[in-house]
Amino acid sequence: MDKEFYMRKAFALARQAAENDEVPIGAVVVDPESGDIIAGAYNLSEHGQDALAHAELLAMREACRKLGQNRLRGLDLYVTLEPCTMCAAAISFMRIAKLYFGARDPKGGAVVSGVRFYEAPTCHHKPTTEGGIMESECAQILKDFFKNKRK
């Protein structure tokens, strides 16, 4: 399987989020050895009334629950939007091996934008990162969602 295959799975979750009036961001945790998707989630901040219910956090929590462990060493995370500082820190604490993201987030991102969390000397674990996978689609679904909100 290639990176776009997994990002398409995360994107399908982002579409599901939009259909449920949630910010359309999706994430999947993948075992690169087997190719299995361990867990996936989309943002639930609105319906869950929980500002911490970001797709990345929900997917990582579910993967830990399914695997019966508190870290995700050796696993990869695909997310449709560059993670914020909170999620970047959680990804580091979870020991995700590789982080793949779709659209960059100049305002709220913390990987290649903003604080660049993984470049901080206090960051304990820095995953390998790659952005720009299905970037235009991942950016467009967010633009469309917020444009419709402003109507």
Side-chain angles (χ1 to χ4, degrees), residues 3-18 20-135 137-139 141-143 145-146:
K3 294 175 267 191
E4 191 170 314
F5 171 84
Y6 295 111
M7 190 59 74
R8 288 212 176 281
K9 297 295 185 182
F11 188 78
L13 290 165
R15 264 200 302 263
Q16 201 175 341
N20 289 307
D21 201 32
E22 289 282 353
V23 176
I25 300 169
V28 293
V29 176
V30 175
D31 180 343
E33 294 284 321
S34 67
D36 292 341
I37 294 175
I38 307 299
Y42 59 81
N43 273 20
L44 284 173
S45 297
E46 295 301 318
H47 289 88
Q49 296 181 327
D50 180 358
L52 305 179
H54 288 198
E56 303 95 307
L57 298 182
L58 297 174
M60 290 188 298
R61 283 180 185 153
E62 179 65 13
C64 284
R65 188 191 65 71
K66 282 184 176 178
L67 297 170
Q69 57 195 47
N70 69 343
R71 298 278 192 272
L72 300 172
R73 288 179 178 88
L75 301 183
D76 298 343
L77 178 67
Y78 289 77
V79 61
T80 57
L81 183 66
E82 176 184 357
C84 68
T85 306
M86 173 181 70
C87 291
I91 291 163
S92 176
F93 284 118
M94 286 286 193
R95 303 299 192 259
I96 289 289
K98 294 180 183 172
L99 165 66
Y100 300 97
F101 63 90
R104 286 166 175 72
D105 185 358
K107 275 187 167 179
V111 178
V112 296
S113 306
V115 299
R116 296 181 181 201
F117 183 81
Y118 301 128
E119 303 305 319
T122 54
C123 179
H124 295 281
H125 168 76
K126 178 182 179 178
T128 301
T129 63
E130 182 180 336
I133 302 162
M134 293 179 53
E135 185 166 17
E137 297 99 315
C138 292
I141 194 171
L142 285 159
K143 288 176 189 169
F145 178 81
F146 288 112

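- Minimum interatomic distance between Ala59 and Ala39 (heavy atoms only, all atoms of both residues): O-CB, 3.5 Å.
- Judged by distance alone, with hydrogens and angles left aside, the side-chain atoms of Asn20 form no donor-acceptor pair with the main-chain N or O of Glu22 at under 3.5 Å.
- Residues Pro32 and Asp76 come closest through the heavy atom pair CB-OD2, 3.4 Å.
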If you apply the rule side-chain contact (heavy atoms from CB on, under 4.5 Å), what do you find for Ile141 with Thr80, and how did you get there? CA-CA 10 Å; Ile141 194 171; Thr80 57; over 6 Å; no

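- Using a 4.5 Å heavy-atom cutoff, the side chains of Met60 and Leu72 are in contact.
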What side-chain donor-acceptor pairs closer than 3.5 Å can you find for residues 48-56, not counting sequence neighbours?
{"residue": "Asp50", "atom": "OD1", "partner": "Leu52", "partner atom": "N", "Å": "2.9"}
{"residue": "His54", "atom": "NE2", "partner": "Ala51", "partner atom": "O", "Å": "3.3"}

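- Formation of a donor-acceptor pair under 3.5 Å by the His125 side chain with backbone atoms of Ile96 is found in this model.
- Looking at Leu81 and Val23, their side chains never come closer than 4.5 Å, going by heavy atoms from C-beta outward.
- When all heavy atoms are compared, the tightest approach of Ala103 to Ala139 is CB-N, 3.7 Å.
- With sequence neighbours excluded, the residues forming a ring-ring contact (aromatic ring centres under 6.0 Å, His included) with Tyr100 are Tyr78, listed by chain and number.
- Note: Lys9 NZ to Phe5 CZ = 4.5 Å, rounded to the nearest 0.5 Å.
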Show, in sequence, the C-alpha distance, side-chain angles and deciding distance for Leu77 and Phe101, and conclude whether the side-chain contact (heavy atoms from CB on, under 4.5 Å) test is met. CA-CA 8 Å; Leu77 178 67; Phe101 63 90; over 6 Å; no

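- For the side-chain contact (heavy atoms from CB on, under 4.5 Å) test, residues two or more places apart in sequence or in another chain that qualify with Arg65 are Glu62.
- A pairwise comparison of heavy atoms in Ile133 and Cys138 identifies O-SG, 4.1 Å as the closest pair.
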Would Val111 and Ile91 satisfy side-chain contact (heavy atoms from CB on, under 4.5 Å), going step by step from the backbone distance to the final call? CA-CA 11 Å; Val111 178; Ile91 291 163; over 6 Å; no

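- Side chain of Glu82 to main chain of Val112: a donor-acceptor pair is present (N/O by atom type, distance under 3.5 Å, no hydrogens or angles).
- Considering CZ of Phe117 and CE of Met86, their distance stands at 12.0 Å, rounded to 0.5 Å.
- Rounded to the nearest 0.5 angstrom, Leu57 CG and Asn43 CG are separated by 9.0 Å.
- The OG atom of Ser45 lies 7.5 Å from the CG atom of Leu58; values are rounded to the nearest 0.5 Å.
- The structure places CZ of Arg104 at 4.5 Å from CD of Glu135, a figure rounded to the nearest 0.5 Å.
- For the residue pair Ala88 and Pro83, the shortest heavy atom distance occurs at N-CB, 4.1 Å.
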Verdict with reasoning, Met94 to Cys64, per side-chain contact (heavy atoms from CB on, under 4.5 Å): CA-CA 9 Å; Met94 286 286 193; Cys64 284; 3.6 Å; yes

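- Of all heavy-atom pairs between Leu13 and Ala41, the closest is CD1-N, 3.5 Å.
- Distance alone, capped at 3.5 Å, is enough to place a donor-acceptor pair between the Arg71 side chain and the Phe93 backbone.
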